[in-house]
There are 2 protein chains.
Amino acid sequence: MTADPVPSRRPGAAGDPVPVHRPGAAGDPVPVHRPGATGDPAPARRSRRHDPGRRDRLIDATLRVIAERGVAGTTHREIARAADVPLGSMTYHFGSLDEVLAEAFTRHAEAAAKVFDERLGAATDRDGAIEAVITLVRDDLLGSPDDLVLAVELYVAAARNPALRAVTQGWMQRSRRALERHFDPTTAREVDALIEGLVLHSALSTDPMTPDQIRHAIERYLR
Amino acid sequence: MTADPVPSRRPGAAGDPVPVHRPGAAGDPVPVHRPGATGDPAPARRSRRHDPGRRDRLIDATLRVIAERGVAGTTHREIARAADVPLGSMTYHFGSLDEVLAEAFTRHAEAAAKVFDERLGAATDRDGAIEAVITLVRDDLLGSPDDLVLAVELYVAAARNPALRAVTQGWMQRSRRALERHFDPTTAREVDALIEGLVLHSALSTDPMTPDQIRHAIERYLR
DNA sequence: TGGTCATGCGTACGAGCGTACACATGATGC
DNA sequence: GCATCATGTGTACGCTCGTACGCATGACCA
């Protein structure tokens, strides 16, 4: 865990997006993966060269590992195992573990913000916006426990790592901005905080709030 | 990080509270500590036997380390260094690192709940209770950033560790109970969540809420 | 005061980590 | 079809971790 200078070596020194590799065949999902039905011993020697989209799959795998084992349990080896790629592939695609984490969290925050935008963008009046907020919390946020764990993990990681703090900031800003399309800035900020609290409490409570209770809390505040 | 069976060896096998050691001299704070003003080389050989209260100081040191480096950066060695005791002392007083963490968090939650009780216990009517909540959030929770970090760290640790989850549960329950002395259960729960969200947002925002904004949010909800 | 033994400490071990880097590999240009 | 060399992998290194355990130490009893 070091966020020092020098993003590390890596082939494509100057800023090209994907590490290197040429265009090649079209990017079908999961190019090779598990051999199919082989005996357990002898892990087999698969041709795995030229796998475009591997970097993306690595980030997906990272999010899965974080949700399952927490940031503390997220290692190069664990991610590589989850994505079924060799360990060396990690240092090839990413300069450091911090870089992987930051990119994974960025992607997650991006996706979450998108849901926020969509839900609230569909509303045309204030009542619709209130319904949208309720749906958002009840179905999207509380509906996927993995996302919830990811959020908490992101919070605590952000408390320590400035690069991640920027991600958290951006996320918060975007959700607040979405709320401001329907409510005044003060209300937006307060509702945002309320949502945060409701989600967190529900996530950690053995006696989680019911959908009706969620609805009640939000309506009480907004009406 | 293993929470398996067998709490480990340790001298006082059957359940005695403090590890072992006889009564001895009265428990003054910080029995020995740093030599005073010695040259850096040669760490000196201090007599350190018979140090009652060391276990307590280790837990205090643990909380300091967690606040400073996070749960992930909290190791036997780091705690021992912070408390200025030898590494071996850790395994002598605690069966495992998990045990240290659980005990530290329990103490922290206990202290936090006490503040909650005191603030709300002093209130005699509903308006007083609302003022108490505002003071609590503004001065006690947001006033000490360390506590705030500890809270978030506890949350994420609890998501993974069942023993810690009990601590979090107890804490939440106690703060809600305190609120219920002045508000109906539904309101109590919702206010509790609101507080959580306000604190979290303020903690992570580069643009933290002002005391007035805190007051506004709570009053809006409760009046 | 001197012997005894519970108390507390120094040190070492095996495991797992992030990262570096030499080399195998197979797509590309002739 | 073959030589070439960028692309991707296997492996090893140095480090820190949690934990175990043999032995030094000094408080207590006679």
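When reading the values below, keep in mind they use all heavy atoms of this one structure, side chains included, and skip hydrogens, waters and symmetry mates. Note on naming: letters A, B, ... go to the chains in the order of the sequence lines (proteins, then strands), and numbering restarts at 1 for each one.
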- Ignoring backbone atoms, test whether A:T91 places a side-chain nitrogen or oxygen under 4.0 Å from the OP1 or OP2 oxygen of C:dT19. no

- Starting at CZ of B:R81 and ending at P of D:dG18, how long is that distance when rounded to a whole Å? 11 Å

- Please check the phosphate of D:dT9 (OP1 and OP2 only) for any side-chain N or O of A:R54 closer than 4.0 Å. yes

- Task: Check for a donor-acceptor pair, side chain of A:Q213 on one end and backbone N or O of A:M209 on the other, with a separation under 3.5 Å.
- Result: no

- Task: Using the ring-ring contact (aromatic ring centres under 6.0 Å, His included) rule, collect all pairs that involve residues 137-163 of chain A, keeping only residues at least two apart or in two chains.
- Result: none

- Query: Can you name the residues that form a side-chain contact (heavy atoms from CB on, under 4.5 Å) with A:E78, not counting sequence neighbours?
  - Reply: A:V65, A:R69, A:T75, A:R81

- Separation of C:dG8 P from B:R55 CZ (nearest whole Å): 13 Å

- Message: Give the dot-bracket line for DNA chain C from 5' end to 3' end: parentheses for intra-strand Watson-Crick or G-U pairs under 3.5 Å, square brackets for crossings, | for inter-strand pairing, dots for unpaired.
- Response: ||||||||||||||||||||||||||||||

- Query: A:H76 has an atom NE2; how far is it from atom P of C:dA20, in whole Å?
  - Reply: 10 Å

- Item | Atom-pair distance (CG on A:D84; C1' on D:dT9), nearest Å | 14 Å

- Task: Tell me whether the OP1 or OP2 atom of D:dG8 has a side-chain N or O from A:S89 closer than 4.0 Å.
- Result: no

- Query: Rounded to the nearest Å, what distance is computed from the CD atom of residue A:E99 to the C1' atom of nucleotide C:dT19?
  - Reply: 13 Å

- Task: Figure out the CZ/C1' separation between A:R77 and D:dT11, and round it to whole Å.
- Result: 10 Å

- Enumerate the residue pairs fulfilling side-chain hydrogen bond (donor to acceptor under 3.5 Å, both in side chains) with a member in residues 133-143 of chain A, sequence neighbours excluded, ordered by first and then second residue. A:R119-A:D140

- Between CG of B:L87 and P of C:dC9 the distance, given in whole Å, is 11 Å

- Not counting sequence neighbours, which residues clear side-chain contact (heavy atoms from CB on, under 4.5 Å) with B:A67? List them please. B:D146, B:L150

- For A:I59, side-chain contact (heavy atoms from CB on, under 4.5 Å) partners two or more places apart: A:F94, A:E103, A:A104, A:R107

- Check whether any side-chain N or O of B:S205 sits under 3.5 Å from a backbone N or O of B:S202 as a donor-acceptor pair, and report yes or no. no

- Whole-Å distance between C:dT7 C1' and B:H93 NE2? 10 Å

- Note on the structure: Comparing nearest nucleotides in DNA chain C, the 5'-proximal residue of the pair A:G88, A:E78 is A:E78

